[in-house]
Amino acid sequence: MTKLVLSLALLSLLAVSATAERFDFFYFVQQWPGSFCDTQRGCCFPDTGKPAAEFGIHGLWPNYVDCRGGGGGDDGGVISMVGRRGRCWPQFCDDGNELRPWEIRDLIKSLDQSWPTLACKGGRSFDFWSQEWMKHGTCSNLGQHEYFAASLALKAKHNLSAILAGAGIVPSDTETYFLSSIRDAIAEGTGAKANLECNRDADGESQLYQVYQCVDKAGKKLIDCPLSMNSKCRDRVKLPVF
Ligand code: 5GP
Ligand code: 5GP
């Protein structure tokens, strides 16, 4: 009997390790709502109302380190798709594992605040969380509750807008800031080097859109980003008012 239990335990361990997705680190991506909204496409507020003027979560994305190309420096190059399986990351790892509302019921209030949808797609933030779970979460080796709790904990750890404000970088529709001072403020304030992504406002001006913090495979500890990119950013960028 003991033997049977032991072999069953061993078998289930093997099954878990066989299905464990291999990746190297997470990108924890947050979006500045002012920069999502002031583009030509615009934005819509979720059914819970206008989100706070702070960075909102976009997702927690498993990633491969072995993914080079596109300059990897400050030249605005976009990392090319040369990772394993032709991509720099795994995605959609389990189509049968849809996000179940009751799994995250105790997190809904915090998620509504910290992970609001701004896309004009019906206004339900749950649909955004669900899409992020299916595309990235199912590859994270975390359970549904763990994935969303880890994301909320990462956001709570460091308040990016407060860190930037501490360095004199405050939302403004006229001011521009050196990209390097944004990068330095985040590295100093969080203790880890992050990557930055910009987009253009309706007038074509470069602005800080997303911050990519890098996180260990457990989804807990910030690390210096192993690949550097400052995607689509100019030397000076805006941080528009939201
Ligand atoms: P975009 O083309 O707008 O940069 O990215 C579109 C989508 O591709 C993102 O929302 C995200 O799901 C995925 N994606 C883009 N870059 C990365 C990356 O570096 N790592 C991972 N894991 N996903 C990414
Ligand atoms: P990804 O960019 O991770 O591949 O996918 C983002 C998906 O979530 C897109 O289908 C996008 O329309 C949807 N989405 C819903 N709300 C938001 C939001 O606030 N920001 C972003 N970037 N995408 C959102």
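Whatever order the structure lists them in is the order used to number ligands and atoms, beginning at 1. All values derive from a computational prediction rather than experimental measurement. One is the number of the first residue; the rest follow in order along the sequence.
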* Contact check: Trp61 vs ligand 1, nitrogen or oxygen atoms, below 3.5 angstrom ->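 In this structure, Trp61 places no N or O atom under 3.5 Å from an N or O of ligand 1.
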
* Test of proximity, Lys232 against ligand 1: N or O pairs below 3.5 Å ->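 Between Lys232 and ligand 1, no N or O pair is found under 3.5 Å apart.
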
* Looking only at non-hydrogen atoms, which of Tyr209, Trp115, Phe128 approaches atom 23 (N) of ligand 2 most closely? ->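 It is Phe128 whose heavy atom sits nearest to atom 23 (N) of ligand 2.
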
Atoms of ligand 1, numbered as shown, that sit under 4.0 Å from any heavy atom of [X]:
X	answer
Asn63	18 (C), 19 (O), 20 (N), 21 (C), 22 (N)
Lys135	7 (C), 8 (O), 11 (C), 12 (O), 13 (C)
Pro62	22 (N)
Tyr27	19 (O), 20 (N)
His58	10 (O)

* Asked: Tell me the ring pair (Phe, Tyr, Trp, His ring centres under 6.0 Å) pairs involving residues 222-242, sequence neighbours left out?
  ->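 Every ring pair (Phe, Tyr, Trp, His ring centres under 6.0 Å) pair that includes a residue of residues 222-242, provided the two are not neighbours, is Phe45-Phe242.
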
* Looking just at side-chain N and O atoms, do Gln91 and Trp89 make a donor-acceptor pair shorter than 3.5 Å? ->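 Yes, Trp89 and Gln91 have a side-chain donor paired with an acceptor closer than 3.5 Å.
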
* Side-chain (Asp201) to main-chain (Thr39) donor-acceptor, under 3.5 angstrom ->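 Judged by distance alone, no pair lies under 3.5 Å.
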
* **Listed partners of Asp127 passing salt bridge (charged side-chain N to carboxylate O under 4.0 Å, His left out), at least two apart** =>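 In terms of salt bridge (charged side-chain N to carboxylate O under 4.0 Å, His left out), with neighbours along the sequence ignored, Asp127 is linked to Arg124.
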
* Asked: Do Leu196 and Arg183 come close enough that some side-chain heavy atom pair is under 4.5 Å?
  ->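 Heavy-atom side-chain distance check passes, below 4.5 Å.
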
May I ask you to list the atoms of ligand 2 that are less than 4.0 angstrom from any heavy atom of [X]?
X	answer
Leu118	16 (N), 18 (C), 19 (O)
Thr117	15 (C), 16 (N), 17 (C), 19 (O)
Gln31	18 (C), 19 (O), 20 (N), 21 (C), 22 (N)
Lys121	9 (C), 10 (O), 11 (C), 12 (O)

* Asked: Should the SG of Cys93 and the SG of Cys139 be checked, would they turn out to be under 2.5 Å apart?
  ->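 Taking the criterion (SG atoms under 2.5 Å apart), Cys139 and Cys93 satisfy it, so yes.
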
* Asked: Hey, is Lys232 close enough to Glu197 for a salt bridge, meaning N to O under 4.0 Å?
  ->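 Yes.
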
* Asked: So, Lys155 and Glu54, do they make that salt bridge, N to O below 4.0 Å?
  ->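 Yes, Lys155 and Glu54 are salt-bridged.
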
* Among the heavy atoms of Trp129, does any lie under 4.0 Å from an atom of ligand 2? ->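 In this structure, Trp129 fails to qualify as a contact of ligand 2 - no heavy atom is under 4.0 Å.
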
* **Check: His58 ring centroid to Phe128 ring centroid under 6.0 Å** =>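 Between Phe128 and His58, which both carry aromatic rings, the centre distance is below 6.0 Å.
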
* To do: State yes or no: are the ring centers of Tyr147 and Trp133 separated by less than 6.0 Å?
  =>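 Distance test on ring centres: under 6.0 Å, yes.
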
* To do: Among all protein heavy atoms, pick the one closest to atom 5 (O) of ligand 2 and tell me residue, atom and distance.
  =>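 So the nearest neighbour among protein heavy atoms is Gln131 NE2, 3.1 Å.
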
* Considering only non-hydrogen protein atoms, determine which one is nearest to atom 3 (O) of ligand 2 and report residue, atom name and distance to 0.1 Å. =>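 Residue, atom and distance for the closest contact: Glu132 OE2, 2.6 Å.
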
* To do: Return yes or no for this condition: an N or O of Gln210 is under 3.5 Å from an N or O of ligand 2.
  =>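 No: no nitrogen or oxygen of Gln210 is under 3.5 Å from one in ligand 2.
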
